[in-house]
Every structure is written in structure tokens, then in C-alpha cells.
Amino acid sequence: MAAPELPPVASPPPHRTPASAWVLLLVLAGIWGTSFILMKKGLVVFSALELGAARVSVAALLLLPFALRHVGKVDRSRFKWLLLSGVVGTLIPAFLFAYAETRLASGLAGVLNALTAVFTLVVGAAFFGQRLTGLRVLGIGLGLAGTVVLMLLGGSGGDATPSGESNAWYGLYIVLATLGYGVSVNVIKQHFQGIPALAVTGLLLLFIGGPALAFLLLGTGFVYKLQHVPGAWAAFGYIALLATMSTAVAMVLFNKLIQSSTALFAASNTYLVPVVALAWGLLDGENFNLWHLLGMVIILVSVAIIHRAK
């Protein structure tokens, strides 16, 4: 007797990105893309050192309850990795971006920030065993070429920079900052799997927030400016908004985005952030020419290749 035919097994339906994920993606692009113009506005009154220290201090104070809640749940052997990630991925970049934007247009700073994807791969391949393929090497090369185009040919965006000067070489500060981001991403991925992103962010800020706050209050003219310089409170408001939205709120939203979609979809905010940053820069009177466009396209193509290369 012949065995009865089994009904064909239906293939799993393709993954569909929910509408809520698209909303989160756009909100995140708006938050991170706006961070560069907020830094520019803060630099109207405060120095780069003051802005960087204030940004870290406000973020640390905001997330202190989450840090205290989780500090006893993390093995002490991981503290050194939290310190490393906090210093190279948050503290130093806060100062480097601030220094860069004393001479570099905020829109171009947003474009160069896309190099984070390039250096995440470079650091992962150099120290964490991530595989390099021909396409990925091509993506890295294109990213660096796009950076050269922006820095040597694109300039800083003209006289709309906070200092009124043009110095595209200040883009090197952002290159170093994105290298730090690349180290931090790999450290967190390697040593903090399964720990909520908000908890990790709060804990690493716990390590660097105290020194940043002490330096801000005792080693700078921050308090004096708040008391005596016109417009200081408004400038500090921009910095506080930067610390709150770009660090605390954005981390929560990004974690939700990864859970409701795919990592590739979540990473696509890399393409939107430069557009938002440039739009804010144009509204604020910054220049944008064909060299800027060419450099941005080259960098974003390099990121696309890195994200999709196997």
C-alpha cells in the first residue's frame, strides 16, 4: 500500500519590517543627525573642553539610576572593558567632536561620523577575529577615499563655522573619534552580550562621569560663564539636550529598533544621519558644494558595501 502523500511544507514568510520600526528609524536619524548642530550651538559660548565635559557629565547624571541598579550584577572582571569603552568610545570622542566643530561645519561633521562603520570593521578585523573579504577591503578603501575628498577638496563649509574660519584638517579629530567608536562597539559586542544597552551605557558613564564632572566644575570656566556670560544658559540647554537625546533616549530607541527588525535594517540609520546633519547645516547657513556631495556619496557607498559584504 502506497504511503499517503504529505502536504507540501510551506516556506516561512519573508521578514516584514513593521511600520513601528520605520518610525523608530526616522526618529533615530533625526536625533543623531541633529546632534551636530546642537554641538555647534553650544560652542557659541562654551569651549570644546567645556562642551565635552558637560555633555558627558549630564549624560552620566541622567543614567546614574540605571548604573546603580546594574553595577552589582556585572562581574568585576568586566569593569576594565567598561572603562576602556567609556574612555575611547564616549569621553574622548565628546572632546574630539567639539574640537572639530570649532572649525568644521556641523553638516560635514555628520557625514564624517559615518566612518564609524568603517572603523568598526577595521578594529574587528585587527583585534577581534572578524573576517576581511575583498569587498570589505574595498569598502574600507572607499571610506578613506571619501574622507580625503571631503578634507582636501570639500573644505569645512565656509564662514558659517563657529569660529568663522575654514580648516578641513579638523576633520581628523572626527576620524580619531570614529576610530574610538569602532573600538567601543567591538568591545561591547565581545564582552557585554545579553546585557541591556541602557545598562551598559549607564555603567560606562558611571566610570567616566565623575572625572568629567570634576574637571567641568574645577578645571574650566563653565560655572563662571553660566553666571556672567549672556546666552550661556541657552547654550547649556543645547548641550543638555544633546546629552539627553543622543545618549540616553537614542540608546533605548536603538535597542528597541534592533529587537523589532533586523541588525541590517537598524544599521541603515547610517545613511540617514548625514542627510539630517547636512540639512541642519544648510538651514544654519553652511555651504555645501559638489565636492561635499561627492565625498558624502563615496563614504555612504563604502558603508553600504561593508554592511552587505559577506
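- Between the CG atom in L179 and the OG1 atom in T116 there is a gap of 10.0 Å [rounded to 0.5 Å].
- The CG atom of L108 sits 11.5 Å away from atom OG1 of T147, with the distance rounded to the nearest 0.5 Å.
- Taking W81 as the reference, nothing meets the side chain to side chain donor-acceptor pair (under 3.5 Å) condition, with sequence neighbours excluded.
- More than 12 heavy atoms of other residues, nucleotides or ligands sit less than 6.0 Å from atom CZ of F95.
- Counting heavy atoms from C-beta outward, V88 and Y181 have side chains that stay 4.5 Å or more apart.
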### Residues K41, D284; criterion side chain to side chain contact (heavy atoms under 4.5 Å, CB included); working and verdict
CA-CA 10 Å; K41 297 299 183 183; D284 202 49; 2.9 Å; yes
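- You'll find the side chain of I140 reaches within 4.5 Å of the side chain of L132, heavy atoms only.
- The salt bridge (Lys or Arg N to Asp or Glu O under 4.0 Å) contacts involving residues 230-240 comprise nothing, where partners must be two or more places apart or lie in separate chains.
- A side-chain hydrogen bond (donor to acceptor under 3.5 Å, both in side chains) check over residues 84-96, counting only residues at least two apart or in different chains, returns the pairs S85-S184.
- Within the 4.5 Å cutoff, the side chain of L104 has heavy atoms near those of the L112 side chain.
- Between V71 and L203 the shortest side-chain heavy-atom distance falls below 4.5 Å.
- In this view, Y173 and Y99, Y170 satisfy the ring-ring contact (aromatic ring centres under 6.0 Å, His included) rule, not counting sequence neighbours.
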### Task
Test side chain to side chain contact (heavy atoms under 4.5 Å, CB included) on L49 and F215 and set out the steps.
CA-CA 9 Å; L49 284 175; F215 172 73; 4.2 Å; yes
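- Between L300 and P274, the shortest heavy-atom distance links the atoms CD2-CG, 4.0 Å.
- Atom NZ of K189 has 12 or fewer heavy atoms from other residues, nucleotides or ligands within 6.0 Å.
- Residues satisfying the ring-ring contact (aromatic ring centres under 6.0 Å, His included) criterion with F207, sequence neighbours excluded, are F79.
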Less than 3.5 Å apart, which donor and acceptor atoms pair up between the side chains of residues 25-33 and the rest of the protein, not counting sequence neighbours?
residue: W32; atom: NE1; partner: S246; partner atom: O; Å: 3.3

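- Residue pairs meeting the salt bridge (Lys or Arg N to Asp or Glu O under 4.0 Å) criterion with at least one partner in residues 198-214, sequence neighbours excluded, do not occur; the list is empty.
- In this structure T34 satisfies the side chain to side chain donor-acceptor pair (under 3.5 Å) test together with W280, sequence neighbours excluded.
- Contacts of A277 classified as side chain to side chain contact (heavy atoms under 4.5 Å, CB included), with partners at least two apart in sequence or in another chain: F36.
- Listed by chain and number, the residues in a side chain to side chain contact (heavy atoms under 4.5 Å, CB included) with L61 amount to none (sequence neighbours excluded).
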### Query
Which is it for R136 and I305 under the side chain to side chain contact (heavy atoms under 4.5 Å, CB included) test, yes or no, and what are the steps along the way?
CA-CA 7 Å; R136 285 177 169 172; I305 291 173; over 6 Å; no
### Query
Step by step, would you call V275 with L272 a side chain to side chain contact (heavy atoms under 4.5 Å, CB included)?
CA-CA 5 Å; V275 176; L272 300 177; 5.6 Å; no
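- Side-chain atoms of H191 never come within 3.5 Å of backbone atoms of V187 as a donor-acceptor pair (strictly under, hydrogens ignored).
- Residue pairs meeting the ring-ring contact (aromatic ring centres under 6.0 Å, His included) criterion with at least one partner in residues 112-147, sequence neighbours excluded, do not occur; the list is empty.
- Residue pairs satisfying the side-chain hydrogen bond (donor to acceptor under 3.5 Å, both in side chains) criterion with at least one member in residues 202-229, sequence neighbours excluded, are listed as follows: E50-K225.
- One distance of note links CG of L204 with CG of L83; it measures 9.5 Å at 0.5 Å rounding.
- To the nearest 0.5 Å, atoms CZ (F97) and CZ (R55) are separated by 7.5 Å.
- Within a 6.0 Å radius of CG in L283, other residues, nucleotides and ligands contribute more than 12 heavy atoms.
- Looking at E286 and S106, their side chains come closer than 4.5 Å, going by heavy atoms from C-beta outward.
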